[in-house]
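Numbers for residues simply follow the sequence, beginning at 1.
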Amino acid sequence: MQQIKVKIVNRSTNELPAYGTSQSAGMDLRAWLDEPVTLQPLERRLIPTGVSIELPQGYECQIRPRSGLALKRGLTLLNTPGTIDADYRGEIGVIMVNLDSKPQTIDNGERICQMVVARHEVVQWVPASELGSTERGEGGFGHTGVK
């Protein structure tokens with residue numbers, strides 16, 4: 001498996017983002033908080049991480065929810081997956097929302113999301129008057145039925 005080197009600045013006291021297992025696609029990213037943050041039901045808040053990265057050109061970092069937080073506590077991310085572009089140098093912030101019926105507290109150092117670094121392509125648009133046909137055509141939004 002190819003590895004790339006990515007510069008990282010960690011202003012927090014938390015450990016660097018890390019893979020949970022040898023075959024994990026995402027690295028766990030932690031909250032950097034002076035004090036715990038409690039999200040009321042349906043409340044959203046930007047949670048700081050203290051982490052900034054310098055990705056190589058042609059790469060992006062996606063910020064994705066952690067399934068355990070979503071299932072067990074109703075905590076997930078808005079704007080997901082969030083995209084960190086290669087030219088962004090600021091701190092990574094995570095927009096969290098509480099979809100549970102009870103308040104949920106996030107603590108400093110808690111793993112709040114996953115980071116997935118991936119290559120991406122750059123598109124060059126080719127103006128056209130029509131597109132090639134396919135079996136699907138313009139069908140969308142449930143056009144194949146529900147069962």
(Q) To check you understand the geometry: which heavy-atom pair defines the closest contact between Ala31 and Asp107, and what is its length? (A) CB-O, 3.8 Å
Q. Does Leu29 share a hydrophobic cluster with Leu55, counting links as ILVMFWY side-chain heavy atoms below 4.5 Å and allowing steps through other members?
A. yes
Q. Does the Gln62 side chain pair with the main chain of Thr83, one donor and one acceptor, at a distance under 3.5 Å?
A. no
Q. Taking side chain as C-beta onward, heavy atoms only, is Leu16 less than 4.5 Å from Met27?
A. no
Can you give the donor-acceptor pairs under 3.5 Å from side chains of residues 37-45 to other protein atoms, not counting sequence neighbours?
residue, atom, partner, partner atom, Å
Thr38, OG1, Thr105, OG1, 2.8
Glu43, OE1, Gln40, N, 2.8
Glu43, OE2, Arg45, NH2, 2.9

Q. So Leu77 and Val94, side-chain contact (heavy atoms from CB on, under 4.5 Å) or not? Walk me through it.
A. CA-CA 7 Å; Leu77 309 183; Val94 179; 3.3 Å; yes
Q: Give a yes or no on whether Val51 and Met96 share a hydrophobic cluster (residues Ile, Leu, Val, Met, Phe, Trp, Tyr; joining criterion: side-chain heavy atoms under 4.5 Å apart).
A: yes
Q | Test item: Val6 and Glu54 side chains (from C-beta on) under 4.5 Å apart, heavy atoms | A | no
Q | Atom of Gln114, atom of Gly26 and distance for their closest heavy-atom approach | A | OE1-CA, 3.6 Å
Q: Return yes if some donor-acceptor pair links the side-chain N/O of Asp100 with the main-chain N/O of Gly74 below 3.5 Å, else return no.
A: no
**Q.** Approximate separation, where rounding is to 0.5 Å, of Tyr88 OH and Ser52 OG
**A.** 6.5 Å
Q | Exercise: identify the closest heavy-atom pair between Ala86 and Pro56 | A | CB-O, 3.5 Å
Q. Which atom names give the shortest non-hydrogen contact between Leu46 and Gly93, and what distance separates them?
A. CD1-C, 3.6 Å
**Q.** Student check: side-chain heavy atoms of Arg89 and Val9 closer than 4.5 Å
**A.** no
Q | Pairs touching residues 58-79 that satisfy salt bridge (Lys or Arg N to Asp or Glu O under 4.0 Å), sequence neighbours left out | A | Asp28-Arg66, Arg73-Glu110
(Q) Can a donor-acceptor pair be found, under 3.5 Å and without considering hydrogens, that links the side chain of Thr80 to the backbone of Gly82? (A) no
Q.
Is it the case that the side chain of Asn10 and the backbone of Ser12 share a donor-acceptor pair, with hydrogens and angles ignored and the cut-off at 3.5 Å?
A. yes
Q: Verify side-chain contact (heavy atoms from CB on, under 4.5 Å) between Leu75 and Leu99, making sure each step is shown before the conclusion.
A: CA-CA 6 Å; Leu75 291 172; Leu99 299 179; over 6 Å; no
Q: Walk me through it: do Thr76 and Leu69 pass the test side-chain contact (heavy atoms from CB on, under 4.5 Å)?
A: CA-CA 7 Å; Thr76 192; Leu69 284 180; over 6 Å; no
(Q) Listing request: all salt bridge (Lys or Arg N to Asp or Glu O under 4.0 Å) pairs with a residue in residues 9-25, at least two apart in sequence or in separate chains. (A) Glu15-Arg30
Q. Do Ile84 and Ile63 come close enough that some side-chain heavy atom pair is under 4.5 Å?
A. yes
Q: Find out if a path of hydrophobic residues (ILVMFWY) with successive side-chain heavy-atom gaps under 4.5 Å connects Ile112 to Trp32.
A: no
Q: Please name the pair of heavy atoms, one in Tyr59 and one in Ile4, separated by the smallest distance, quoted to 0.1 Å.
A: OH-CG2, 3.4 Å
Q: Please name the pair of heavy atoms, one in Met115 and one in Ile53, separated by the smallest distance, quoted to 0.1 Å.
A: CE-CD1, 4.2 Å
Q) Mind checking whether Asp34 and Asn108 have side chains closer than 4.5 Å, heavy atoms only? A) no
